[in-house]
Number of protein chains: 2
Amino acid sequence: MNATPRWLNPEQQAAWDGFIRMQEKLIGRLSRRVQADSRMSPADYIVLAKLTEAGGRMRFMDLTKLVEWEKSRMSHQVARMAKRGLVAKEECPDDGRGSFIVATPAGREAIEEAAPVHVEHVRRLFIDALTQEELDTLARISNRVLAHLEKQPD
Amino acid sequence: MNATPRWLNPEQQAAWDGFIRMQEKLIGRLSRRVQADSRMSPADYIVLAKLTEAGGRMRFMDLTKLVEWEKSRMSHQVARMAKRGLVAKEECPDDGRGSFIVATPAGREAIEEAAPVHVEHVRRLFIDALTQEELDTLARISNRVLAHLEKQPD
DNA sequence: ACCATTTGGTTGATGTGTCATCCAACTTAG
DNA sequence: CTAAGTTGGATGACACATCAACCAAATGGT
């Protein structure tokens, strides 16, 4: 029972609030744009991108780990994408439980069309806002936080 | 039709990837923690926090603007929160269409219990990962991106 | 007074993320 | 060989976000 919780000091609060606001607006804008001009959700985009980047054919669990998602999420996502014809599922002969996820031609076409547009938006909304030095700093800070998170329990 | 799309250079790519990864993991961890030990979603948390911070009684649209959400989102959210007894809706005498959102005692109790825990997690997962100088830098960068976004069409 | 527009807010459909649970197939200790 | 444990993956329930459409009350111009 902590009698007096240690609130954040003004600078800390400013950093946290600013970061949260920025991240929400940025991600929001970007995903709306991606969705609007490629008819793909950000989830579709990243899954297809990683999948094709890796050759267009992967074991389900490998893909899940590559994208760093939970398997349930990927399972649902792949099911939806399969329904829309972006990927297909194939059985795995080596492992009776396993399955391969394959990018369909339609899927390849979709990602090839979407990728440059995506990059342009990232550039326009984010990269162009900052100097190269600021980008480097942000990368360093991000990696610091990531490393910290990995050390931290749960 | 852009013949050769300008991909990001390695430093830009590293900054973007790092930021995205960091933000996903951080937000993910935090919202799981909040949910786990307060039985409130991040959405519940922020709505209740802003609402009580503003006195615990607000016009629906003022609250919506304060939280910077779309009204539809807030409408659904408030409906769910009302169902769970965290807030209540009251009619507005001045404006026949309007309504007030009021934090119930249960809502106040919930947020007062959740807030210190939330702060502790923010501190543990984020603040403690960085020096004060890095926090300041991040705040500056965030505000830069935010300002840039506001100038940018759509 | 009247019509057009704006504002406040709801609703329903659809897509998405999480959790818990389940099951079949593989692996390994004994 | 068999039982126990682990892994690959699916599923259903639920909370959440977004979009488009809608409606009624307020407002403003004529």
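Being a predicted model, the structure only gives us computed values, none of them experimental. Quick note on labels: first sequence line is chain A, next is B, and so on, each numbered from 1.
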- Quick one: label A:Q35 by what it contacts on the DNA or RNA (base, sugar-phosphate, nothing), any heavy atom closer than 4.0 Å. nothing
- Quick one: B:F60 CZ to D:dC23 P, roughly how many Å, whole number? 19 Å
- Message: Closest-nucleotide mapping onto DNA chain C: is B:M61 or A:R97 further toward the 5' terminus? I mean the 5' end.
- Response: B:M61
- Task: Look at all strands and tell whether A:K83 reaches a base, only sugar-phosphate, or nothing, counting heavy atoms closer than 4.0 Å.
- Result: nothing
- Message: Without decimals, in angstroms, what is the distance between B:M74 CE and D:dT18 P?
- Response: 12 Å
- Item | Residue whose closest nucleotide on DNA chain C lies nearer the 5' end, A:G96 versus A:R84 | A:R84
- Note on the structure: Rounded to whole Å, the CH2-P distance (B:W69 to C:dG8) equals 19 Å
- Query: Of B:L63, B:T64, B:D62, which is the lone residue that meets side chain to side chain contact (heavy atoms under 4.5 Å, CB included) with B:I101?
  - Reply: B:L63
- Query: Whole Å only: how far is the CG atom of B:L30 from the C1' atom of C:dG17?
  - Reply: 16 Å
- B:R39 CZ to D:dC16 P: how many Å, rounded? 12 Å
- Closer than 4.0 Å, any side-chain N/O of A:R59 to the OP1 or OP2 of D:dT7? no
- Message: Need one value for B:R80: base, sugar-phosphate or nothing, where a base atom within 4.0 Å counts as base even if backbone is also close, heavy atoms only.
- Response: base
- Task: May I ask you to verify whether the side chain of A:R73 and the base of C:dT18 hold a donor-acceptor pair under 3.5 Å?
- Result: no
- Item | Euclidean distance, atom CZ of residue A:R32 to atom C1' of C:dT16 [Å, nearest integer] | 15 Å
- Item | Between CE on residue B:M22 and NE2 on residue A:H148, distance to nearest 0.5 Å | 12.0 Å
- Message: Assess whether a salt bridge exists between B:K25 and A:E150, defined as any Lys/Arg side-chain N lying under 4.0 Å from an Asp/Glu carboxylate O.
- Response: no
- Message: Using salt bridge (Lys or Arg N to Asp or Glu O under 4.0 Å), reason through B:E120 and B:R123 one step at a time and then give a plain yes or no.
- Response: CA-CA 5 Å; B:E120 273 321 303; B:R123 182 191 305 286; 3.8 Å; yes
- Item | Note: A:R33-A:D37 ion pair, threshold 4.0 Å (strictly below) | yes
- Item | Side chain A:H76 and base C:dG15 donor-acceptor under 3.5 Å | no
- Message: Between P on D:dC16 and CD on A:E24, what's the gap in Å once rounded to a whole number?
- Response: 15 Å
- Query: Is a donor-acceptor contact shorter than 3.5 angstrom present between the side chain of B:S72 and the base of D:dC19?
  - Reply: yes
- Verify the contact: side-chain N or O of B:K71 to OP1 or OP2 of C:dT7, cut-off strictly under 4.0 Å; return yes or no. no
- When we call it a touch if two heavy atoms are under 4.0 Å apart, what does B:T64 touch: a base, just sugar-phosphate, or nothing? nothing
- Query: Just how far, in rounded Å, is C1' of C:dA24 from CG of A:D94?
  - Reply: 17 Å
- Message: With a 4.0 Å limit, can you tell me whether A:S41 has a side-chain N or O closer than that to the phosphate oxygens OP1/OP2 of C:dG15?
- Response: no
